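Everything numeric here is computed off the predicted structure, so don't read it as measured data. Convention: sequence-line order gives letters A, B, ...; per-chain numbering from 1.
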Protein chains: 2
Amino acid sequence: MKLSTKGRYAVMALTDLAIYDLKGPVSLRDISIRQNISLLYLEQIFLKLKNKDIVRSIRGKKGGYRLTKDASKIKVSEILYAVEEKIKTVRCIKHLKKGCNGKSIKCNTHRLWDELDNHINSFLEKKYLSELAYRNNIERRL
Amino acid sequence: MKLSTKGRYAVMALTDLAIYDLKGPVSLRDISIRQNISLLYLEQIFLKLKNKDIVRSIRGKKGGYRLTKDASKIKVSEILYAVEEKIKTVRCIKHLKKGCNGKSIKCNTHRLWDELDNHINSFLEKKYLSELAYRNNIERRL
DNA sequence: ATATTCCCGACTGATTTAGTCAACTTTATC
DNA sequence: GATAAAGTTGACTAAATCAGTCGGGAATAT
């Protein structure tokens with residue numbers, strides 16, 4: 001069980017953005033340096049974040065990205081959902097006509113994974129970007 | 001974010017085993033048919049389960065596998081841990097000397113993933129095989 | 001003896017991951 | 001208006017992981 005780096009990078013980059021957003025657009029270049037993430041990879045990730053309306057872009061010199069809304073309104077689940085294809089831990093539901101064990105019924109453990117997904121999502125739904133940014137600010141000051 | 005089928009199959013197969021274990025060893029062949037999982041793949045999985053002392057094997061004709069302890073004592077977390085390489089959602093901790101962002105400090109979001117892991121584990125630690133077997137027995141009767 | 005079962009390491013094709021590359025367009029500033 | 005700094009987009013790729021398969025065992029009930 002694992003999260004791809006794409007998801008992790010997205011949250012890292014947006015936390016960074018939340019901290020530096022105050023003064024104006026933040027370039028991916030800066031985020032790339034501060035967070036040590038490949039610039040070209042970040043571009044890919046921000047494209048997705050833009051499509052999901054989590055950030056907006058300002059082109060040209062002095063351009064960059066900004067959050068579309070306050071960090072206290074952006075959930076971690078929302079970010080992961082934007083860049084990861086799926087949060088579901090298990091793909092039990094490929095063919096609806098056949099059950100997930102290839103038979104006509106649901107597999108043995110279907111309900112367990114449903115519950116697990118709910119459990120994970122409820123955690124990620126409660127985490128807001130502002131919390132991460134705040135926490136990070138504190139830690140940097142120490 | 002996803003769980004590999006190996007983990008899912010392991011839990012499915014052990015749930016099946018927990019149900020049929022009562023009368024004596026259960027062959028992988030039977031489990032394979034009932035759960036629709038490749039026999040050869042199951043062999044691989046059960047090797048791991050055996051090494052972690054979750055099941056024991058009885059060789060030869062009429063042989064098969066049995067649980068080493070009561071299903072009410074086997075946690076789902078234990079099963080996943082046996083067959084999956086890791087339950088940690090994020091590998092932030094590759095190089096201990098460098099932080100997980102390649103710098104000397106931990107990444108932005110390190111604590112978040114730690115919390116997420118704890119959250120997931122605490123769920124899986126509370127789930128016992130007996131519950132799945134029981135639930136499944138009920139459902140089959142309907 | 002033989003069929004049935006577990007044992008174990010090596011192998012493989014497909015998919016996903018984690019990026020890279022090239023060639024744009026837009027805009028601020030000199 | 002030239003130029004540099006930024007975002008835009010699609011195609012490409014090396015490496016790793018996944019989801020099994022294969023082959024040749026060894027043990028045991030009948």
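At the phosphate of D/dT8, OP1 or OP2 sits under 4.0 Å from a side-chain N or O atom of A/Tyr65. Put simply, B/Tyr41 has no side-chain N or O that comes within less than 4.0 Å of OP1 or OP2 on D/dC18. The side chain of A/Ser57 contributes no N or O atom lying less than 4.0 Å from OP1 or OP2 of D/dA6. For the OP1/OP2 pair of D/dT8 and a distance below 4.0 Å, the side-chain nitrogens and oxygens of A/Lys50 include at least one atom meeting the criterion.
Atom CG of A/Asn51 and atom P of D/dT8 are 9 Å apart (whole Å). Rounded to whole Å, the distance from CG on B/Leu49 to C1' on C/dC7 is 14 Å. Regarding B/Tyr9, its OH atom lies at a distance of 9 Å from the C1' atom of D/dG20, rounded to whole Å. The interatomic distance linking B/Lys62 (NZ) with D/dT30 (C1') rounds to 10 Å, in whole Å. Rounded to a whole Å, the CD1 atom of B/Ile45 is 11 Å from the P atom of D/dT21. Separating the CD1 atom of A/Ile58 from the C1' atom of C/dT26 is a distance of 12 Å, rounded to the nearest angstrom. The nearest whole Å value for the distance from the NZ atom in A/Lys48 to the P atom in C/dA18 is 12 Å. One interatomic measurement links the two molecules: CG of A/Leu42 to P of C/dT20, which rounds to 11 Å at whole-angstrom precision.
Residue-level contact check: B/Phe46 touches neither bases nor backbone, having no heavy atom under 4.0 Å from any strand.
Of the candidate nucleotides C/dC6, D/dT9, D/dA4, D/dT9 has the atom lying nearest to any side-chain atom of A/Leu47. Which of C/dG19, D/dA29, D/dA19 sits closest to the side chain of B/Thr5 comes down to D/dA19. The side chain of A/Leu40 has C/dT20 as its nearest neighbour among C/dT20, C/dG19, C/dT5. Looking at the side chain of B/Lys61, the nearest of the listed nucleotides C/dT5, C/dA3, D/dG20 is C/dA3. Comparing D/dT8, C/dG19, C/dC6 by their nearest atom to the side chain of B/Ser27 picks out C/dC6.
Following chains of ILVMFWY side-chain contacts shorter than 4.5 Å, one cannot reach A/Tyr128 starting from A/Leu17, and the two form parts of different hydrophobic clusters.
In plain terms, the two heavy atoms of B/Lys52 and B/Ala82 that are nearest each other are CG-CB, 3.5 Å. Heavy atoms only, all atoms of each residue included: B/Leu39 and B/Arg29 are closest at CD1-N, 3.8 Å.
Each of B/Ser4 and B/Arg59 was matched to the nucleotide of DNA chain D holding its nearest heavy atom; the match closer to the 5' end belongs to B/Ser4. Annotation: of the two residues near DNA chain C, A/Gly60 and B/Leu28, the 5′-most nearest-nucleotide partner is B/Leu28.
The backbone N or O of B/Ile54 sits less than 3.5 Å from a side-chain atom of B/Thr68, completing a donor-acceptor pair. Side chain of B/Glu84 to backbone of B/Gly7: a donor-acceptor contact under 3.5 angstrom is found.
Relative orientation of the A/Tyr41 and A/Tyr9 rings is perpendicular, given thresholds of 30° and 60° on the angle between their planes.
You won't find any donor-acceptor pair under 3.5 Å spanning the side chain of A/Glu43 and the base of C/dT20, going by distance alone.
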